[in-house]
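Taking it in order: structure first as structure tokens, then the write-up.
Letters go in sequence order (proteins before strands), and every chain restarts at 1.
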2 protein chains.
Amino acid sequence: MLIVGENISVTSKIVGEAIRNRDARPIIDMARAQKEAGANYVDINIGPATKNGEELMQWIVQTIQNEVDIPLALDTKNTSAIEAGLKVHKGTAMINSVTGDKDKLDILMPMAKKYNAKIVGIALSEKGVPPDVDSRIEVIMNIVNAALEYNVPLSDLYLDPIVLPVAVMQQQVYNCIEGLKAFKQLKDLMGLPDEPKTIVGLSNVSQSSPLALKSLINRTYLIILLSHGLDSAICDPLDKELMNAVKTFDILTNRILYAHSYLD
Amino acid sequence: MLIVGENISVTSKIVGEAIRNRDARPIIDMARAQKEAGANYVDINIGPATKNGEELMQWIVQTIQNEVDIPLALDTKNTSAIEAGLKVHKGTAMINSVTGDKDKLDILMPMAKKYNAKIVGIALSEKGVPPDVDSRIEVIMNIVNAALEYNVPLSDLYLDPIVLPVAVMQQQVYNCIEGLKAFKQLKDLMGLPDEPKTIVGLSNVSQSSPLALKSLINRTYLIILLSHGLDSAICDPLDKELMNAVKTFDILTNRILYAHSYLD
């Protein structure tokens with residue numbers, strides 16, 4: 001399972017301030033802490049970044065990668081900022097994310113191809129969150145077709161069935177599970193040469209829930225999704241109980257060898 | 001999900017002593033505590049019970065049911081003791097369990113039919129634990145066929161793919177998941193009129209693991225199995241974290257309505 005650490009986000013107060021002040025230290029520290037906790041990627045969410053987005057993304061990518069050896073997921077709606085980040089990124093970057101809208105696909109898919117980046121395709125369209133499972137599949141099929149059109153290897157494509165808060169949209173949380181199961185059938189359904197991967201933005205599920213419940217909800221949902229074949233999650237690697245649950249999942253499904261000390 | 005409380009077992013020191021001394025109080029207290037914690041059934045494991053098995057089973061069934069309104073799973077290899085228990089049991093009892101051996105099936109299936117009891121069919125034969133998934137299916141198909149032969153409703157049949165300790169037989173823990181998935185396909189595979197249910201003896205998975213890991217291993221395994229459609233588990237309802245995980249599973253799969261207070 002590929003773990004994308006979610007903690008470097010402009011929505012966090014510390015990160016927001018560090019970004020405004022171009023203060024490298026907190027950002028480097030957060031990247032390193034997430035890597036040490038088991039993250040394989042670190043997400044860099046700089047928000048809409050309409051002003052100075054390109055310069056900002058390059059600064060943050062280089063700030064982190066000069067100190068910490070980890071690839072990054074570039075997360076902003078500003079596609080020029082994404083490309084600026086890709087230009088200076090070392091290793092295989094991830095683009096997070098492209099929706100099913102044609103104008104976005106026509107910009108970001110060629111970019112993923114050009115820079116050999118992984119790309120997250122999310123079951124969202126200009127109409128917003130698809131109301132049911134079938135409309136999720138419809139949007140995702142457009143994304144898969146765009147990847148095929150632009151020769152992006154399907155093994156670099158991560159399909160996101162959209163996690164929504166259980167406190168607000170409980171039915172959609174169930175639909176996301178069903179969406180994931182359907183996405184795992186796409187190779188057969190569409191006769192694809194390769195299997196696209198799957199990913200979720202996990203912590204959304206516990207948004208608006210009381211703090212005391214968040215970790216329990218997150219880790220239970222992750223185990224359900226992993227049971228249905230989820231390949232990757234954008235989540236908090238510093239949540240020890242979450243990471244212990246993932247390790248235990250790997251033990252119980254025979255992916256890593258059991259030892260009494262497997263949590264250490 | 002049907003929860004069968006596992007705590008009244010002759011293998012526990014307190015229960016063993018209470019049984020030897022025909023001391024009702026600890027047994028009643030344990031039954032009540034499990035019911036209050038959410039158990040739907042309470043398992044009564046009196047061991048081989050080769051001596052006085054019939055009298056013992058009747059004593060324990062009546063001792064509990066005179067004080068606590070809960071149905072029981074009668075758990076012993078002594079089939080006469082099972083029948084003695086069924087004779088005095090109030091409500092729908094559960095027989096735990098019948099293996100794939102023909103002589104056992106020919107005794108216990110007619111007994112389940114006669115007393116309208118639920119019955120657990122376990123993927124074990126005289127040859128022991130089946131080494132792989134296919135041999136689990138083979139044994140279980142014999143059990144399903146015996147249920148059909150003796151007109152036991154398939155909705156009263158609980159198929160157990162056998163949980164083994166991950167610390168000792170890690171591959172078998174994975175095989176059990178695959179076995180469960182296969183059992184869920186039996187209705188289609190065998191053209192059955194109704195779907196048999198599924199059950200596991202959960203705590204076995206963490207046997208021989210350090211105490212500090214047991215609850216984590218148990219609850220993670222349970223969420224995996226529930227994700228694949230498990231209907232019931234024999235487990236410890238007094239394990240608060242296990243029960244919280246089950247409630248969270250029910251929330252995330254839209255079986256019970258979310259409220260911020262759903263754990264209370």
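- The candidate from B:L225, B:I177, B:V173, B:T248 with the greatest count of non-hydrogen atom pairs under 4.5 Å with chain A is B:T248.
- For CG of A:D69, the number of neighbouring non-hydrogen atoms (other residues, nucleotides, ligands) closer than 6.0 Å is 12 at most.
- For A:I256, the part lying near chain B is the backbone, with the side chain staying farther off; criterion is any non-hydrogen pair under 4.5 Å.
- Residue contact with chain B, scored on non-hydrogen atoms closer than 4.5 Å, is absent for A:S261.
- Remark: of the listed residues B:L226, B:N244, B:I223, B:T253, B:I223 is the sole one forming a side chain to side chain contact (heavy atoms under 4.5 Å, CB included) with A:T220.
- Residue A:I217 touches chain B through both its backbone and its side chain, counting heavy-atom pairs closer than 4.5 Å.
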Verdict with supporting geometry, B:Y258 and A:S209, side-chain hydrogen bond (donor to acceptor under 3.5 Å, both in side chains): CA-CA 10 Å; B:Y258 178 89; A:S209 286; 2.8 Å; yes
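- In this structure, B:Q171 places its CD atom where more than 12 heavy-atom neighbours from other residues, nucleotides or ligands lie under 6.0 Å away.
- Other residues, nucleotides and ligands contribute more than 12 heavy atoms inside 6.0 Å of the NZ atom of B:K247.
- Both the backbone and the side chain of A:L252 come within contact range of chain B, each with at least one heavy atom under 4.5 Å from a heavy atom of that chain.
- Residues A:I224 and B:S227 share a closest heavy-atom pair of CA-OG, 3.4 Å.
- Atom OH of A:Y174 is surrounded by 12 or fewer heavy atoms from other residues, nucleotides or ligands within 6.0 Å.
- Within a 6.0 Å sphere centred on CD of B:E17, other residues, nucleotides and ligands contribute more than 12 heavy atoms.
- The backbone N or O of A:I251 sits less than 3.5 Å from a side-chain atom of B:Q170, completing a donor-acceptor pair.
- Other residues, nucleotides and ligands place more than 12 heavy atoms under 6.0 Å from the NZ atom of A:K214.
- Atom CG of B:N254 sits about 10.5 Å away from atom CD of A:E178, to the nearest 0.5 Å.
- Under a cut-off of 6.0 angstrom, the local environment of CG in B:D194 is crowded, with over 12 non-hydrogen atoms contributed by other residues, nucleotides or ligands.
- Of the atoms belonging to A:H260, heavy atoms from both backbone and side chain fall under 4.5 Å from chain B.
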